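First the structure, in the form of structure tokens, and then the observations on it.
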Amino acid sequence: MKTQGGTVKRTALTLFASIAVAVAAVGGILFGYDTGVISGAILFITSEFALPPTLEEIATSSVLVGAILGAIAGGLLADRIGRRLSIIAASVVFLAGTGIVVGATDLSIFLVGRVLIGIAIGVASFVSPLYISEIAPPAFRGGMVSLNQLFITFGILISYGVDFLFSSSGDWRAMFALGAVPAAVLLIGMVLLPDSPRWLLSRQHMNRAIAVLEKARGTGDVFGELDDIKKAIGMQKGGNWSDLLASSIRMPLIVGLGLAVLQQLTGINTVIYYAPTIFQFAGLHSAGASIAATAGVGTVNVLATAAAVVLIDRTGRRPLLLAGIAGMAVSLAVLGAGFAFSGAVQGGSLLGLITAVSLTAYIASFAIGLGPVFWLLIAEIYPLNVRGRAMSVATVANWAANFLITLTFLTLVGILDQAGVFWLYALVSIIAWFFVLRLVPETKGLTLEEIEEHFRAGRHPRELKGVARPRD
Ligand code: BGC
């Protein structure tokens with residue numbers, strides 16, 4: 001194969017590719033909306049179904065259990081029936097789950113709906129980035145895949161707004177019902193769009209693959225890219241779960257699994273789910289403070305992710321990861337110190353200020369690095385024949401770690417105090433920083449086939465250096 005950055009020379013951004021990417025990224029809105037909406041809805045659900053604390057916890061976390069199941073099933077689906085049909089199936093399941101939740105007359109029906117919604121999110125959470133990575137031109141792939149993360153953060157922010165809007169009426173059914181809007185857009189959009197050229201080629205749909213590639217690149221001259229994909233397919237065999245054990249996939253699997261777990265164990269969802277609680281710990285008890293905390297966290301998350309979308313194909317993945325994780329470690333350490341020494345600073349306003357500043361810095365640092373880059377890298381570093389399955393393994397680990405962190409946060413605070421918990425997350429951030437430094441490849445500007453070729457040759461991830469590919 002040619003040198004890195006060789007055959008596919010210039011890449012232009014076409015309207016067709018942009019639309020395909022924007023539609024698939026709506027999967028991110030589903031992800032964000034339904035992980036966020038529960039925080040405002042749960043109060044009313046708890047009172048309508050008279051739930052004790054344990055059942056309240058189950059009602060809250062059922063979507064995560066579903067997401068783990070969906071991430072398991074999605075791997076096989078994405079490789080077998082394709083990226084497009086998997087996303088279509090996820091939208092249908094999402095709509096069915098939403099219907100069941102909205103009509104639920106007791107907890108068990110509600111839980112069935114929430115698990116179904118979770119399954120859909122589990123599938124969409126990685127098949128959307130997967131589809132995007134396989135249709136995007138290499139020079140724009142980072143930003144385009146990260147659009148999915150931008151839509152996740154946007155979905156979270158909208159859900160906070162919707163919760164706020166319906167909080168006076170207590171209409172929790174309406175809160176969930178609105179999730180059907182992005183799901184319908186995703187469903188209709190994906191029905192109208194073709195599958196990714198790489199999946200089509202892997203299934204020998206040559207003519208369809210060429211047609212999609214020509215439309216996506218805006219030129220009839222796609223034979224260089226086509227040849228590279230065919231060559232890569234020719235070197236692969238099988239496409240079974242056991243192929244994940246091949247020695248050439250070992251390092252990419254370690255990278256994906258490591259980032260999956262570290263993205264969660266550095267504590268992001270304690271802030272996303274519990275920001276108002278953390279502010280209460282810091283002595284800010286008013287409803288106004290709690291709304292400001294949630295809105296502030298949500299907004300900073302969106303803005304910093306937008307910056308990542310713009311930067312990621314220019315700076316590359318590694319600099320954003322390293323800078324972002326360093327920022328997370330420092331802000332967590334400061335947050336912990338604020339709580340540890342709150343006696344000395346007399347609780348109240350100074351601790352409130354430290355909490356607000358360090359949480360904002362923490363969220364911005366996550367959003368510029370580990371948030372988007374994890375989902376991007378797992379869509380880039382696996383060979384085509386097992387891409388869906390390998391991504392599914394990393395995604396399952398991510399949702400499972402999310403579940404673990406969410407479930408243990410309040411208990412951990414009871415055992416270690418707030419300072420201890422934030423310092424623990426700071427420690428994990430330091431580990432994450434070294435993990436990235438030693439093991440994470442730079443994929444900027446490379447085609448998926450160049451990345452695949454690198455790992456097939458048995459080379460270390462760190463030897464993969466990105467290229468500055470010219471853009472039209
Ligand atoms: C993570 C989610 C998190 C979200 C916050 C995603 O990348 O996987 O767990 O809630 O970012 O923006």
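These numbers come from a predicted model, not from an experiment. Just follow the structure's listing: the first ligand is 1, and inside any ligand the first atom is 1. For the single chain, residues carry numbers from 1 onward in sequence order.
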What closest approach, in Å, do Arg462 and Arg318 show between heavy atoms, and which atom pair accounts for it? CD-NH1, 3.2 Å

In ligand 1, which numbered atoms sit nearer than 4.0 Å to a non-hydrogen atom of Asn301? 5 (C), 12 (O)

Parallel, tilted or perpendicular for Phe281 and Phe339, by the 30°/60° rule? perpendicular

Residue, atom and distance of the protein heavy atom nearest atom 10 (O) of ligand 1 read Asn269 OD1, 2.6 Å

Counting from 1 in the order shown, the ligand 1 atoms closer than 4.0 Å to a non-hydrogen atom of Thr153 are 12 (O)

Heavy atom under 4.0 Å from ligand 1: found in Asn402's side chain, backbone, both, or neither? side chain

Considering only protein heavy atoms, which is closest to atom 11 (O) of ligand 1, and at what distance to one decimal place? Gln149 NE2, 3.1 Å

Heavy-atom nearest pair, Phe279 first then Ala356, reads CZ-CA, 3.7 Å

Quick look: Phe366 vs ligand 1, heavy-atom contacts under 4.0 Å, and the answer is side chain

Closest non-hydrogen atom pair between Leu376 and Gly142, with its separation: CD2-CA, 3.7 Å

Ring geometry between Phe154 and Phe151 (parallel below 30°, tilted from 30 to 60°, perpendicular above 60°): tilted

For Ala307 and Ile368, work out which heavy atoms get closest and say how close. CB-CD1, 3.8 Å

Below 3.5 angstrom, do we get any N/O pair linking Gln264 and ligand 1? yes

Under 4.0 Å from one or more heavy atoms of Trp375, ligand 1 contributes atoms 6 (C), 7 (O), 8 (O)

Starting from atom 1 (C) of ligand 1, what is the nearest protein heavy atom, named by residue and atom, and what distance separates them? Gln263 OE1, 3.5 Å

Within 4.0 Å of some non-hydrogen atom of Asn398, the atoms of ligand 1 are 8 (O)

Return the CZ to OG1 distance between Phe409 and Thr277, rounded to the nearest 0.5 Å. 7.5 Å

